[in-house]
There are 2 protein chains.
Amino acid sequence: MDTKEKLLASAEASARAHGYDGFSYADLAADVGIRKASIHHHFPKKRDLALALIERYAAAIAVELDAIADRVTRASDQLRAYIAMYRGALSGGSTLCLCVAFSLSRESVADDVAAAIDRFRDRSVAWLVEVFERGKLDGSIHDVQAPADEAITCLALVEGAQLAARAALSPDRFDSALVLMAKRLA
Amino acid sequence: MDTKEKLLASAEASARAHGYDGFSYADLAADVGIRKASIHHHFPKKRDLALALIERYAAAIAVELDAIADRVTRASDQLRAYIAMYRGALSGGSTLCLCVAFSLSRESVADDVAAAIDRFRDRSVAWLVEVFERGKLDGSIHDVQAPADEAITCLALVEGAQLAARAALSPDRFDSALVLMAKRLA
DNA sequence: TGTGACCTGTCTACTAGTAGGTAGGTTGGC
DNA sequence: GCCAACCTACCTACTAGTAGACAGGTCACA
């Protein structure tokens, strides 16, 4: 793992725990083991780091979504895996998914970073629309309304559930908020 | 409006737009028209201000929830009013409800502030449980499952919807995320 | 009716610490 | 020779918070 990758990994962990404003070049430097000024060699401005972060994150999720589609075929299983992915991102209630963390810091992040977050959200919704469409056809998800509405609702729900879990520092809250959704999955 | 009240109002606006870490005594001083040091006379530490803020907020919402219960009697109408309240807090997508804003800054806020947020959430859920119970009985809310699950899901949904609206700086996202819920209301 | 003690609210001027960022120099490998 | 990667040393701007002074009002007591 080269320095750049180490920086990204450290920054992602901090950003998910403290938000965009909650980590500093000084923190990263201490964590990675180089001097603060050296980070500017890899990421001249903080927004460069943030952009790399969100793009790396989006790419990782895209890979994960593909993996889910490969691993299981039923729509209900895919949605279950999607929810488990968000659940896993909590790590005990202390971290959020990067998209949620950056959305909260909306005013601090640069426009291109915000645009990258929007694109990520759109892709997530598109993936979910497909899942709900198939769930409606194969009957593995109960009571499916318009897939487009279901997808947007589902994304808001998992993100809201992350928030609730974080506020209480307990992943149980995430599960509670998703009980009803889980019951719809055959 | 005395100075203390002006400070709270200004701080609330900033906190909802920028989060707990996103406003400073300097900002407040400029906004209210007194010197930075004078704020410390009213709120010695920032956590004192934060605590006053969340308690003022919780009290205001409690009043609003009572007003809703007085104004309309059908469970569906009450839930509609509840959702409208969260929708209204967006003010064009630039602000969040204080509870969401502070939840994101969880690591920065003091323990007593976090505890106050927890209490606020519990009270919101309790209010919603009652609404779903009555909605199940009078049939004004369709397909009501266990009211406790419905309430927690509903809170996560409106908070997640706020987040989505904020990320896109557009309140339309809030409405989209709540289309399915709205359709359940008679 | 003074007068001294005290309180509230505000001020100027300051502290120590941290933020992101920069200038310019030193390595070491291709 | 060149360049990526790193360094030391610094900058400006900002953070919460403190010290101490100064008004103006209130209140008790002689």
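Throughout, a chain's letter reflects where its sequence line sits, starting with A, and its residues are numbered from 1.
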Partners of B:Arg16 by salt bridge (Lys or Arg N to Asp or Glu O under 4.0 Å), sequence neighbours excluded?
B:Glu12
Return the set of residues passing salt bridge (Lys or Arg N to Asp or Glu O under 4.0 Å) with B:Glu64 (not counting sequence neighbours), or none when no residue passes.
none
So, does A:Ser91 use its side chain to make a donor-acceptor pair with the main chain of A:Gly88 at under 3.5 Å?
no
Please say which of A:Leu28, A:Leu51, A:Leu8, A:Leu53 ends up in a side-chain contact (heavy atoms from CB on, under 4.5 Å) with A:Phe43.
A:Leu8
Would you mind reading off the distance between A:Lys6 atom NZ and D:dA5 atom P, rounded to a whole angstrom?
13 Å
Using whole Å, report how far CD1 of B:Ile34 lies from C1' of C:dT12.
14 Å
For nucleotides 7-9 of chain C, give me every protein contact, N/O to N/O, under 3.5 Å, one pair per line with atom names.
{"residue": "C:dG9", "atom": "OP2", "partner": "B:His41", "partner atom": "NE2", "Å": "3.0"}

Check: A:Arg173 side chain, A:Ala164 main-chain N or O, donor-acceptor pair, under 3.5 Å:
no
Can you name the salt bridge (Lys or Arg N to Asp or Glu O under 4.0 Å) partners of B:Arg80, sequence neighbours left out?
B:Asp77
For nucleotides 17-26 of chain C, give me one character per nucleotide, 5' to 3': B if any protein heavy atom sits under 4.0 Å from the base, S if the only such contacts are to the sugar-phosphate, - if neither.
--SBBB----
Among residues at least two apart in sequence or on other chains, which ones pass side-chain hydrogen bond (donor to acceptor under 3.5 Å, both in side chains) with A:Arg121?
A:Ser103, A:Glu159
Any side-chain to backbone donor/acceptor pair from B:Ser76 onto B:Ile141? Under 3.5 Å, distance only.
no
